[in-house]
Amino acid sequence: MTGFVANTPSLEEPNILNSAFWPEISLIDCRAVMRIGSEITPERLREALINGIIDTNSDLADWRFQQEQADYAELSAVPAEQIDNISIKVTLYRRAVYNFAKAELTERYRDYDSTLQGRDRADNLDPTIDQYRRQAILAIRQISGRQRTTVELI
């Protein structure tokens, strides 16, 4: 046996610097948490994570403004429970970004195989993509203190 280990990133993957309020995002941590192998290049993962950051920051823009008005300069300073010495709001933020990125990556990989078998596999990915997006939205709702569901009478 050789010491070969599949799906381990071999290139350096520097963190993505975010705007001042939000934490930086680690490609290496995202790979580990979301089980993203080395078949996804660092460039592709970086692009998906940046898009996830844009979506998450946009959804939380009003909430961020309220926190900054209350003199909290960064997300980790906003009062919240700590788990493993990390604010749950920071953990939820990363969850939102990672899930948006994983949804995008999963959606993109649908087009690699256009055979009937590939289309069947792609169709099976639809619920997974929706689940990733739902997890991201739920994390955003938890950060901002909004309810998980909104019900209106029509």
Straight-line distance of [X] [atom1] to [Y] [atom2], nearest 0.5 Å:
X	Y	atom1	atom2	value
N57	S19	CG	OG	5.0 Å
I143	T56	CD1	OG1	7.5 Å
L92	S144	CG	OG	10.0 Å
R94	M34	CZ	CE	14.0 Å

Partners meeting salt bridge (charged side-chain N to carboxylate O under 4.0 Å, His left out) with [X] (sequence neighbours left out):
X	result
R64	E68
R133	E107
E74	none

Distance-only, no hydrogens or angles: does the [X] side chain make a donor-acceptor pair with backbone N or O of [Y] under 3.5 Å?
X	Y	answer
N18	P23	yes
R46	P14	yes
R31	S26	no

Original post:
Taking only residues two or more places apart in sequence, or in another chain, which ones meet S87 in a side-chain contact (heavy atoms from CB on, under 4.5 Å)?
Top reply: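 S87 satisfies side-chain contact (heavy atoms from CB on, under 4.5 Å) with A80, Q82, K89, V90 once adjacent residues are dropped.
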**OP:** Identify, with sequence neighbours excluded, every residue that meets side-chain contact (heavy atoms from CB on, under 4.5 Å) alongside N51.
**Re:**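 For N51 the side-chain contact (heavy atoms from CB on, under 4.5 Å) partners, ignoring immediate neighbours, are E47, I54, E104, R108.
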**OP:** For residues 54-93, pull every pair meeting ring pair (Phe, Tyr, Trp, His ring centres under 6.0 Å), keeping only residues two or more places apart or in separate chains.
**Re:**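 Qualifying pairs, neighbours excluded: W22-Y93.
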Original post:
Which pairs pass ring pair (Phe, Tyr, Trp, His ring centres under 6.0 Å) with one or both residues in residues 37-61, sequence neighbours excluded?
Top reply: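 Checked against ring pair (Phe, Tyr, Trp, His ring centres under 6.0 Å) - neighbours excluded - no pair reaches residues 37-61.
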Original post:
Who are the side chain to side chain donor-acceptor pair (under 3.5 Å) partners of E81, not counting sequence neighbours?
Top reply: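 So E81 forms no side chain to side chain donor-acceptor pair (under 3.5 Å) with any residue.
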Original post:
Mind checking who shares a hydrophobic cluster with I83, ILVMFWY linked at side-chain heavy-atom distances under 4.5 Å?
Top reply: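 Once heavy-atom contacts under 4.5 Å are chained together, I83 belongs with I88.
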Original post:
Less than 4.5 Å apart, any side-chain heavy atom of N15 and any of L27?
Top reply: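 A side-chain contact is absent here, since even the closest heavy-atom pair is not under 4.5 Å.
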**OP:** Might you work through the side chain to side chain contact (heavy atoms under 4.5 Å, CB included) test for F100 and D59, ending with a clear yes or no?
**Re:** CA-CA 12 Å; F100 275 137; D59 286 349; 4.1 Å; yes
**OP:** Apply the test side chain to side chain contact (heavy atoms under 4.5 Å, CB included) to residues R95 and T91: give CA-CA distance (whole Å), side-chain angles for both, the deciding distance (0.1 Å), then the verdict.
**Re:** CA-CA 6 Å; R95 180 193 298 172; T91 300; 5.7 Å; no
Original post:
With distance as the sole criterion, is a donor-acceptor pair present between the side chains of N99 and Q135 under 3.5 Å?
Top reply: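 There is no such pair between these side chains.
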Original post:
F21 and L60: side chain to side chain contact (heavy atoms under 4.5 Å, CB included), yes or no, with the steps?
Top reply: CA-CA 11 Å; F21 185 82; L60 289 167; over 6 Å; no
**OP:** List the steps and the verdict of side chain to side chain contact (heavy atoms under 4.5 Å, CB included) for T41 and L45.
**Re:** CA-CA 6 Å; T41 64; L45 177 57; over 6 Å; no
